[in-house]
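Input: a single structure, listed below in structure tokens.
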Amino acid sequence: MSVDQTSWEAAVRHLYEDAYPYDATGPRRHENWVVDVLALMARAPDPRGWARLDDAAQNPEREASPTYPFVAHPPEYISSRLQEIDRDSAENLLLALTDDGCTLSNLSRFTESEGELRAMARTILTRYGDTASFHTNVNKPGHVSGTLDFTGTSPTTEPPATRRSPAPDEVI
């Protein structure tokens with residue numbers, strides 16, 4: 001299954017229109033994909049030329065720190081703070097990140113049904129293929145290992161939140 005640029009960008013823009021987002025996909029160039037995450041945090045271009053949402057792009061603090069609002073860390077620091085999650089948890093994470101509370105209760109602010117919003121999240125994930133693996137720094141463990149639960153209070157995080165694709169040309 002594949003997704004076209006228009007559908008993917010529409011889903012990203014709609015879900016994150018009221019958030020303070022940095023939603024982007026960067027090129028996959030290294031065996032250790034965490035190095036690619038660092039490049040993405042420094043605003044590496046999308047390998048397909050698709051849109052990104054970057055509310056901090058015009059912030060004057062970016063002149064002093066190109067990775068703003070992220071802090072530049074070595075790959076070991078980042079990888080030690082990430083956990084792999086399943087695809088359903090990645091879908092829930094995309095929906096939870098539509099608001100500062102990082103819970104699924106924020107879906108009530110949308111006019112669309114939960115099913116329609118989940119379809120948008122799946123559209124975003126489709127870009128990365130069926131074999132993509134997903135990683136995050138969000139610490140909100142579900143009842144099963146490798147899952148997250150966004151039904152309760154706000155989760156804790158370890159910087160930076162990350163999702164990735166094993167595709168040879170992209171990291172998100």
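The first residue of the sequence shown is numbered 1, and numbering continues consecutively from there. Computed over heavy atoms, backbone and side chain alike; hydrogens, waters and symmetry mates excluded. Predicted model, so just to flag it, every value in this text is computed and none were measured.
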Can you tell me how far the [atom1] atom of [X] sits from the [atom2] atom of [Y], to the nearest 0.5 Å?
X      : Y      : atom1 : atom2 : answer
Asp23  : Asp55  : CG    : CG    : 9.0 Å
Thr136 : Leu97  : OG1   : CG    : 7.0 Å
Ile78  : Leu38  : CD1   : CG    : 4.0 Å
Ser80  : His73  : OG    : NE2   : 10.0 Å
Ser108 : Leu117 : OG    : CG    : 10.5 Å
Trp33  : Ser133 : CH2   : OG    : 6.5 Å

Check the pair Phe134 / Asp88 against side-chain contact (heavy atoms from CB on, under 4.5 Å), numbers first and verdict last.
CA-CA 10 Å; Phe134 304 95; Asp88 288 341; over 6 Å; no
Looking only at non-hydrogen atoms, find the nearest pair between [X] and [Y] and report the distance.
X      : Y      : answer
Pro27  : Pro47  : N-CD, 3.8 Å
Asp36  : His30  : OD1-ND1, 2.7 Å
Leu40  : Thr25  : CD1-C, 3.6 Å
Leu15  : Ala121 : CD1-N, 4.0 Å
Gln83  : Asn139 : NE2-CA, 4.2 Å
Ile124 : Trp8   : O-NE1, 3.2 Å

Side chains of [X] and [Y]: does their closest heavy-atom pair fall under 4.5 Å?
X      : Y     : result
Glu17  : Thr98 : no
Thr126 : Ser2  : no
Phe150 : Leu95 : no

Sequence-distant partners of Glu91, side chain to side chain donor-acceptor pair (under 3.5 Å), two or more places apart:
Arg118, Arg122
Is a side-chain N or O of [X] found less than 3.5 angstrom from the main chain of [Y], in a donor-acceptor match?
X      : Y     : result
Arg43  : Met41 : yes
Ser7   : Val3  : no
Asn106 : Ala96 : yes
Tyr16  : Leu94 : yes
Arg13  : Arg52 : no
Glu9   : Thr6  : no

Residue pair Arg48, Gln5: steps toward the side-chain contact (heavy atoms from CB on, under 4.5 Å) verdict
CA-CA 9 Å; Arg48 298 182 192 177; Gln5 178 179 0; over 6 Å; no
In one Ile/Leu/Val/Met/Phe/Trp/Tyr side-chain cluster, 4.5 Å: Leu107, Leu93
yes
Asn92/Ser89 under side-chain hydrogen bond (donor to acceptor under 3.5 Å, both in side chains): CA gap, chis, key distance, verdict:
CA-CA 5 Å; Asn92 284 333; Ser89 292; 5.4 Å; no
Could you check whether Arg87 makes a cation-pi contact with Tyr128, meaning its NZ or CZ is under 6.0 Å from the centre of the six-membered ring and within 45° of the ring axis?
no
Would Arg81 and Tyr77 count as a cation-pi pair here, with the cationic atom under 6.0 angstrom from the ring centre and within 45° of the axis?
yes
Does Asp46 pair with Arg127 as a salt bridge, N-O distance under 4.0 Å?
yes
Show, in sequence, the C-alpha distance, side-chain angles and deciding distance for Trp50 and Val12, and conclude whether the side-chain contact (heavy atoms from CB on, under 4.5 Å) test is met.
CA-CA 11 Å; Trp50 293 12; Val12 169; over 6 Å; no
